[in-house]
Amino acid sequence: MKPNIPKGTRDFLPEEMAKRTYLFETIKHVFRLYGYLPVETTSIENIDTLMGKYGEEGDRLIFKILNSGDILADLKDKDINTLTGKELSRLISEKALRYDLTVPFARFVAMNRNELTFPFKRYQIQPVWRADRPQKGRYREFYQCDADVIGSTSLLNEVELIKMIDDVFVKLKIPVIIKINHRKLLMAIAENAGILSNFTEVITSIDKIEKNGYSAVKEELISKGFTDIQIFNLFNLFTVGGDSFDEQIAQASLQIPNNNLKLEGIRELELIAEGLKHSRISNTTSFDVKLARGLNYYTGTIIEVKVDSTKCKSQFNNSIAGGGRYDNLTDLFGLPGVSGVGISFGADRIYDVLKELNLFPAGLSVCTQVMFINFGKEREKKCLEWIDALHKAGISAELYPDNVKFKKQMGYADAKKVAFVVFAGDDEVAKNAVKIKNMVSGEENEIKDNQITDYFLK
RNA sequence: GUGGCUGUAGCUCAGAUGGUUAGAGCAUCAGAUUGUGGUUCUGAGGGUCGUGGGUUCGAUCCCCAUCAGCCACCCCA
């Protein structure tokens, strides 16, 4: 059969793995620096854990796992023709691949509440799966790198997470814009426009203003059944200007009529702005009333990160990190009153940007330091002893496994970018010596065979 | 789920108004070079031209269908 992998998935070669490891280690380093602890959760979740948490579109994109066994036997009492697609799907699929790391984490917290000390700060780096149609910067299997604080309503957490985003992208040398908004402000706007009851519908439309413009979004809202006057009232509140984060919040505060939601939202944003002032953020932070984010579970601060195309020549337009506060997620798993806030780095998209901008440091791939040429059965034994000594000294070394012609062995060393090749053939052994060749300079040195380890430790 | 573009060697791509045996570069393997790689030279292997059907004396090329990939929308990391 032809070897193939499902669309939207990828294998990684050693060279790519070296770069991915660099990326993951950079992010992990920041997570640890701020006191976040690692956890992992299962790849497979019960389907009920995931369904209904992400919105209608999210549900559609969940990868479902077909029940094992004879599916028809399980259905024998049901009339397939009277079932809806949804009902049928429930009967033949009880498990699914995780769609993100946040919802499984909420489930994890609710399950392990007695083992955890709150506020609990965790990081998690694992793949997630989405049954989306792949395209540029969009994969069906990709890694998320999440950091969340759960069990604390303090806005210091928001400040910390934004600072962590900044730290990561400073380290990676990617200029970014960190966009910030607040769901309560959006709700206040929706309330003032008299459309709060359709909030989630409005949200997804608002999110498109930045990309598609007001007129396109207006059309969409009309098709969703909103009236001209409602849309007018809605858009009227979206004309916030101002240069700095502070000014933008102040302007929004003037623009949006007072109600409880608005006052809370503004107050929280002001506290975050205050905290950020003392956090020495390098990248641009920007308040954006039009930022909405499609995930259902956010209730407070929302954050989205994009490449700052004014400061680099990146064409990458997708968000590369995102996050926000969710007040009721653990509630769905029987643990009420525990608020959480978190961020998620999209490792694969960040990888694409690093590649596009040529920002990977040189010399990332780790390779064998020393390779011994295989001169046959008699000579192998001594090589194994020398290699053992090198390994004990922490130097990576290997013996070519077959006694084949040198061209082949040297070609292997060359392709694998081995730094040094050691010759211990008849000529050298007669003198209790070995010849060491530097594969970069081509220079060769003959040394006593009891000094091999010292030579490489130098 | 909706729309557009593309399928020729392991990879990147040529190709002819429809006409014998479908090419190149890179990669692979072998030899020049039985104790020296990255350079060079020589040679070799590798293709049911995505799949199925139609038009035709004849299709890799034209038509239809189908599958796959890419891109955009939707949504998101």
Side-chain angles (χ1 to χ4, degrees), chain A residues 2-9 13 23 27 54-62 85 99-102 125-146 165 200 203-205 207-208 211-212 216 220 291-296 298 302-307 315-324 342-353 371-376 379 400 403-429 434-444 446:
Chain A
K2 263 190 214 157
N4 214 342
I5 54 175
K7 68 173 160 189
T9 66
L13 294 163
L23 174 56
I27 293 171
Y54 305 104
E56 203 179 319
E57 183 72 7
D59 280 357
R60 200 168 65 75
L61 297 178
I62 291 171
Y99 177 88
D100 73 350
L101 301 180
T102 308
I125 297 179
Q126 289 189 275
V128 302
W129 294 268
R130 295 185 188 175
D132 214 344
R133 197 167 285 199
Q135 52 184 278
K136 192 182 176 67
R138 172 171 308 180
Y139 306 100
R140 299 184 114 179
E141 177 182 56
F142 61 96
Y143 274 72
Q144 290 194 324
C145 312
D146 277 36
I165 293 171
T200 49
I203 280 273
T204 54
S205 298
D207 211 30
K208 286 174 223 162
K211 192 172 181 180
N212 301 340
E220 184 176 315
L291 175 66
R293 297 182 59 73
L295 293 177
N296 270 359
Y298 293 122
I302 43 182
I303 302 166
E304 189 167 285
V305 182
K306 288 191 164 189
V307 178
Q315 303 294 313
F316 207 86
N317 214 22
N318 287 316
S319 62
I320 52 177
I343 50 165
S344 179
F345 293 89
D348 300 80
R349 285 182 175 179
I350 296 170
Y351 181 99
D352 289 344
V353 174
M371 190 193 90
F372 286 73
I373 294 286
N374 190 313
F375 280 87
R379 300 274 173 263
Y400 192 87
N403 179 21
V404 293
K405 59 174 60 175
F406 282 29
K407 186 182 167 66
K408 178 90 180 165
Q409 299 198 39
M410 292 300 286
Y412 170 86
D414 188 50
K416 206 174 166 181
K417 295 191 168 63
V418 172
F420 296 95
V421 169
V422 178
F423 298 85
D426 293 340
D427 300 350
E428 290 82 10
V429 167
V434 298
K435 194 153 55 173
I436 295 170
K437 175 163 182 157
N438 181 324
M439 290 295 279
V440 179
S441 67
E443 174 193 0
E444 292 186 12
E446 197 167 281

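Heavy-atom basis, side chains included; hydrogens, waters and symmetry copies ignored. Every value quoted in this text rests on a predicted model; they were computed, and no experiment measured them. A, B, ... follow the sequence lines: proteins, then strands. Residue 1 opens every chain.
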**Message:** Does A:Lys405 contact B:U33 through a side-chain donor or acceptor facing the base, at a distance under 3.5 Å?
**Reply:** no

**Asked** If we take the P atom in both B:C29 and B:G10, what is their distance in whole Å?
**Response** 16 Å

**Message:** Using a 4.0 Å heavy-atom cut-off, does A:Asp207 contact any base of the nucleic acid, only the sugar-phosphate backbone, or nothing at all?
**Reply:** sugar-phosphate

**Request:** Would you classify A:Asn403 as touching base, sugar-phosphate or nothing, given that sugar-phosphate means primed atoms plus P, OP1 and OP2, and contacts are heavy atoms under 4.0 Å?
**Result:** nothing

**Asked** Which part of the nucleic acid, if any, lies within contact of A:Gly425, taking any heavy atom under 4.0 Å across all strands shown: a base, the sugar-phosphate backbone alone, or nothing?
**Response** base

**Prompt:** Taking the side chain as C-beta and beyond, is there a heavy-atom pair between A:Tyr298 and A:Ile203 under 4.5 Å?
**Reply:** no

**Message:** Over all strands shown, is A:Val353 touching base, sugar-phosphate only, or nothing at heavy-atom distances under 4.0 angstrom?
**Reply:** nothing

**Message:** Between A:Asn296 and A:Glu56, does the side-chain contact (heavy atoms from CB on, under 4.5 Å) criterion hold? Intermediate values first, please.
**Reply:** CA-CA 9 Å; A:Asn296 270 359; A:Glu56 203 179 319; over 6 Å; no

**Asked** Hey, is the side chain of A:Asp414 pairing donor to acceptor with the base of B:G38 inside 3.5 Å?
**Response** no

**Message:** Would A:Phe406 count as stacking on B:G35 if stacking means ring centres less than 5.5 angstrom apart and planes tilted under 30 degrees?
**Reply:** no

**Message:** For B:G37, does the base pair up with any side-chain atom of A:Lys437 as donor and acceptor (N or O, under 3.5 Å, distance only)?
**Reply:** yes

**Nearest-Å distance once atom P is located in both B:U48 and B:C26** = 23 Å

**Message:** Taking any heavy-atom pair under 4.0 Å as a contact, classify A:Ile350: base, sugar-phosphate, or nothing.
**Reply:** nothing

If you restrict it to nitrogen or oxygen atoms, what contacts under 3.5 Å exist between nucleotides 2-12 of chain B and the protein, and what is each distance?
residue, atom, partner, partner atom, Å
B:U2, O4, A:Arg133, NH1, 3.1

**Prompt:** Counting any heavy atom closer than 4.0 Å, what does A:Tyr139 reach on the DNA or RNA strands: base, sugar-phosphate only, or nothing?
**Reply:** base

**Asked** With a 4.0 Å cut-off on heavy atoms, is A:Asp348 in touch with a base, just the backbone sugar-phosphate, or nothing at all?
**Response** nothing

**Request:** Indicate, yes or no, whether a donor-acceptor pair under 3.5 Å links the base of B:C76 to the side chain of A:Arg349.
**Result:** yes

**Message:** Counting runs of three or more consecutive pairs, Watson-Crick or G-U wobble, with each distance below 3.5 Å, where are the stems of RNA chain B?
**Reply:** B:1-7 with B:67-73, B:10-13 with B:23-26, B:28-32 with B:40-44, B:50-54 with B:62-66

**Prompt:** How would you label the contact of A:Gly55 with the nucleic acid (heavy atoms, under 4.0 Å): base, sugar-phosphate, or nothing?
**Reply:** nothing

**Request:** Select base, sugar-phosphate, or nothing to describe what A:Gly137 touches, counting heavy atoms under 4.0 Å on all strands.
**Result:** base

**Asked** Taking only side-chain nitrogens and oxygens of A:Gln135, does any of them come within less than 4.0 Å of OP1 or OP2 of B:A72?
**Response** yes

**Complete:** Of the candidates B:C73, B:A77, B:G35, the side chain of A:Lys211 sits closest to B:C73

**Message:** Students often get this wrong, so: under 4.0 angstrom with heavy atoms, is A:Glu141 touching a base, only sugar-phosphate, or nothing?
**Reply:** nothing

**Asked** Between A:Tyr412 and A:Tyr400, how do the two ring planes meet: parallel, tilted or perpendicular, split at 30° and 60°?
**Response** perpendicular

**Request:** Among the candidates B:G35, B:G37, B:C29, find the nucleotide nearest to the side-chain atoms of A:Lys408.
**Result:** B:C29

**Prompt:** Of the nucleotides B:A72, B:G69, B:G37, which has the atom closest to the A:Lys407 side chain?
**Reply:** B:G37

**Request:** Determine the contact category for A:Ala321: base if any of its heavy atoms lies under 4.0 Å from a base atom, sugar-phosphate if only primed atoms, P, OP1 or OP2 are that close, otherwise nothing.
**Result:** sugar-phosphate

**Message:** Under 3.5 Å, is there any donor-acceptor pair linking the side chain of A:Gln409 to the base of B:U36?
**Reply:** no

**Item:** A:Pro134 vs A:Asp427, nearer the 5' end of RNA chain B by closest nucleotide
**Value:** A:Asp427

**Message:** Please determine whether a side-chain nitrogen or oxygen atom of A:Lys208 lies at a distance below 4.0 Å from atom OP1 or OP2 of B:C75.
**Reply:** yes

**Message:** When the P atoms of B:C61 and B:G19 are compared, how many Å lie between them, rounded to an integer?
**Reply:** 11 Å

**Prompt:** Mind checking what makes salt bridge (charged side-chain N to carboxylate O under 4.0 Å, His left out) contact with A:Arg349, not counting sequence neighbours?
**Reply:** none

